[in-house]
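In what follows, chains are A, B, ... by sequence order, proteins preceding strands, each numbered from 1. If you're wondering where the values come from, they're calculated on a predicted model, not measured in any experiment.
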Protein chains: 2
Amino acid sequence: MAGRRTRSEIVAAADELFYRMGFEPTSFADIAEKVNISRGNFYHHFKTKDEILNEVIQKRAADRRTMLDAWEQEESTPERRIARFIDILAMNCDKIRLHGCPIGTLTGELAKLDHPAREEATALFTLFRNWLSRQFAQLVPHKEADRLAMELLARSQGAATLYNAFRDDNFLRREIAAMKAWLAGISAGRKSAHD
Amino acid sequence: MAGRRTRSEIVAAADELFYRMGFEPTSFADIAEKVNISRGNFYHHFKTKDEILNEVIQKRAADRRTMLDAWEQEESTPERRIARFIDILAMNCDKIRLHGCPIGTLTGELAKLDHPAREEATALFTLFRNWLSRQFAQLVPHKEADRLAMELLARSQGAATLYNAFRDDNFLRREIAAMKAWLAGISAGRKSAHD
DNA sequence: GTCTATAGATAGATAGAC
DNA sequence: GTCTATCTATCTATAGAC
């Protein structure tokens, strides 16, 4: 029973290290050191590195679900909920500056590794995609909602990537403002500019 | 003198492998196998892995400069030149689908590794940024040109990241069409929609 | 459930014959 | 300029004492 605690500590440590250094460059030794257990003990909890990866992805999914549920509770309109999504960039800018988006960089790395868990990582994007789509469906015809969700997801990914590269605070601020203006245009006009 | 050929073959092989598998996961053995030389001979040409990385980045920069110069020659208007940039996504979609954007994924990986060459990799983005900025400066007031260059760069990065994750051809087509519509709006109105 | 010790593979890198 | 052989470090993973 006490083992659950150590196990979840390992997953939490791996989550952060995979984000900061990447999955492949992170070794068992790195994780063990962070949790303060020996490498040998490690294998009592996890048989393979991929097993940890899977649990890290599931933890990330659970964390995001909790966050999205909270936004749904805390904000009364779809505009405000979508605005909360855009604000992730500002809230986490210190980390994004150094390590990029946790979801975007993981899916990218797993794609290059041709890793079996790639699709599970993509499901983290799907979580946001579907949540955003449900919000947009309250602002525009249902048929357009997913398109807008993907558009916003793409724009936030682009902003994260270039902010990580150039580390220009003004650029990030501008991108956030532009996304909010775009959102305001949709919720006011209830129709997107093009198409 | 013949050594130059082997050296450039090594760089070309490393360029492709770093793109396909990532810098860190690519081993000397991988590169040596691809070039058909022994691991030992390898060190006659390059002392360290970082040395190869630097040369790969310089090669990528040279390749992009050549490409941008060609676009400048081949296209007569800034709109058409910028459109060529947007078309990269369609031209390279097979590779982007599997491995993402070569520049975006490299800068992201080097950021996580906290690698000394990170800034050199970012310079690859700067190459496009400045080129696009010069094109936009012919369409809008100079003060706005860099802002539009970054906006387009970000959008193309976002499209590449999500295409790599979801592998949805319709999404990519839509993003390309949206960028072209955005570009048409700028070159027609000579003023961006927001701000 | 935690540890030490260690296996087996592979990494980056070197030495020296040809 | 290319090779084989090898070094050292580190990786994932296992065995077995406590």
Fill in: Any side-chain heavy-atom pair of B:L53 and B:L110 under 4.5 Å
yes
Item to complete: Find the distance B:Y43:OH to C:dA11:P and express it as a whole number of Å.
Response: 10 Å
Item to complete: Considering just the side-chain nitrogens and oxygens of B:T48, establish if one lies under 4.0 Å of OP1 or OP2 belonging to C:dG12.
Response: no
Worksheet item: Should B:T6 be listed as having a side-chain N or O under 4.0 Å from OP1 or OP2 of D:dG1?
Response: no
Response to the item:
Comparing nearest nucleotides in DNA chain D, the 5'-proximal residue of the pair A:T26, B:N36 is B:N36
Item to complete: Let me know the distance between CZ of A:F23 and P of D:dT12, rounded to the nearest Å.
Response: 9 Å
Worksheet entry | Evaluation steps, salt bridge (Lys or Arg N to Asp or Glu O under 4.0 Å), between A:E74 and A:R80 | CA-CA 9 Å; A:E74 290 162 22; A:R80 294 170 82 97; over 6 Å; no
Item to complete: Could you tell me whether A:F28 and A:Y43 have their ring centroids closer than 6.0 angstrom?
Response: yes
Item to complete: Could you give me the stems involving DNA chain C, meaning stretches of three or more consecutive Watson-Crick or G-U wobble pairs whose two defining distances are both below 3.5 Å?
Response: C:1-18 with D:1-18
Practice prompt. Please report, rounded to the nearest Å, how far the P atom of C:dT14 is from the NZ atom of B:K49.
Written response: 15 Å
Worksheet entry | Rounded distance in Å - CD (A:E33) to C1' (D:dC11) | 15 Å
Worksheet entry | A:Y163 and A:F171 aromatic centres sub-6.0 Å | no
Practice prompt. Quickly work out the B:R39 CZ to C:dA11 C1' distance and round it to whole Å.
Written response: 10 Å
Response to the item:
Atom CZ of A:F42 and atom C1' of D:dC11 are separated, to the nearest Å, by 13 Å
Discussion item. Any base atoms under 4.0 Å from B:S38, or only sugar-phosphate, or nothing? Heavy atoms, all strands.
Written reply: base
Discussion item. Without decimals, in angstroms, what is the distance between B:H44 NE2 and D:dT2 C1'?
Written reply: 9 Å
Worksheet item: Roughly how many Å is it from CD1 in B:I10 to P in C:dA13, rounded to a whole number?
Response: 14 Å
Item to complete: Identify the heavy atoms of A:L127 and A:A61 that sit nearest to each other, and give their distance.
Response: CD2-O, 3.5 Å
Item to complete: Using a 4.0 Å heavy-atom cut-off across all strands, classify B:F28 as base, sugar-phosphate, or nothing.
Response: sugar-phosphate
Item to complete: Could you tell me whether the side chains of A:Q135 and A:E79 share a donor-acceptor contact shorter than 3.5 Å?
Response: no
Fill in: D:dC3 OP1/OP2 closer than 4.0 Å to side-chain N/O of B:N41
yes
Worksheet item: Just wondering, are more than 12 heavy atoms of other shown residues or ligands nearer than 6.0 Å to NZ in A:K34?
Response: yes
Worksheet item: Quick one: on DNA chain D, does B:I37 or A:D30 contact a more 5' nucleotide (nearest heavy atom)?
Response: B:I37
Discussion item. On the nucleotide D:dT2, are OP1 or OP2 found under 4.0 Å from the side-chain N or O atoms that B:H45 carries?
Written reply: yes
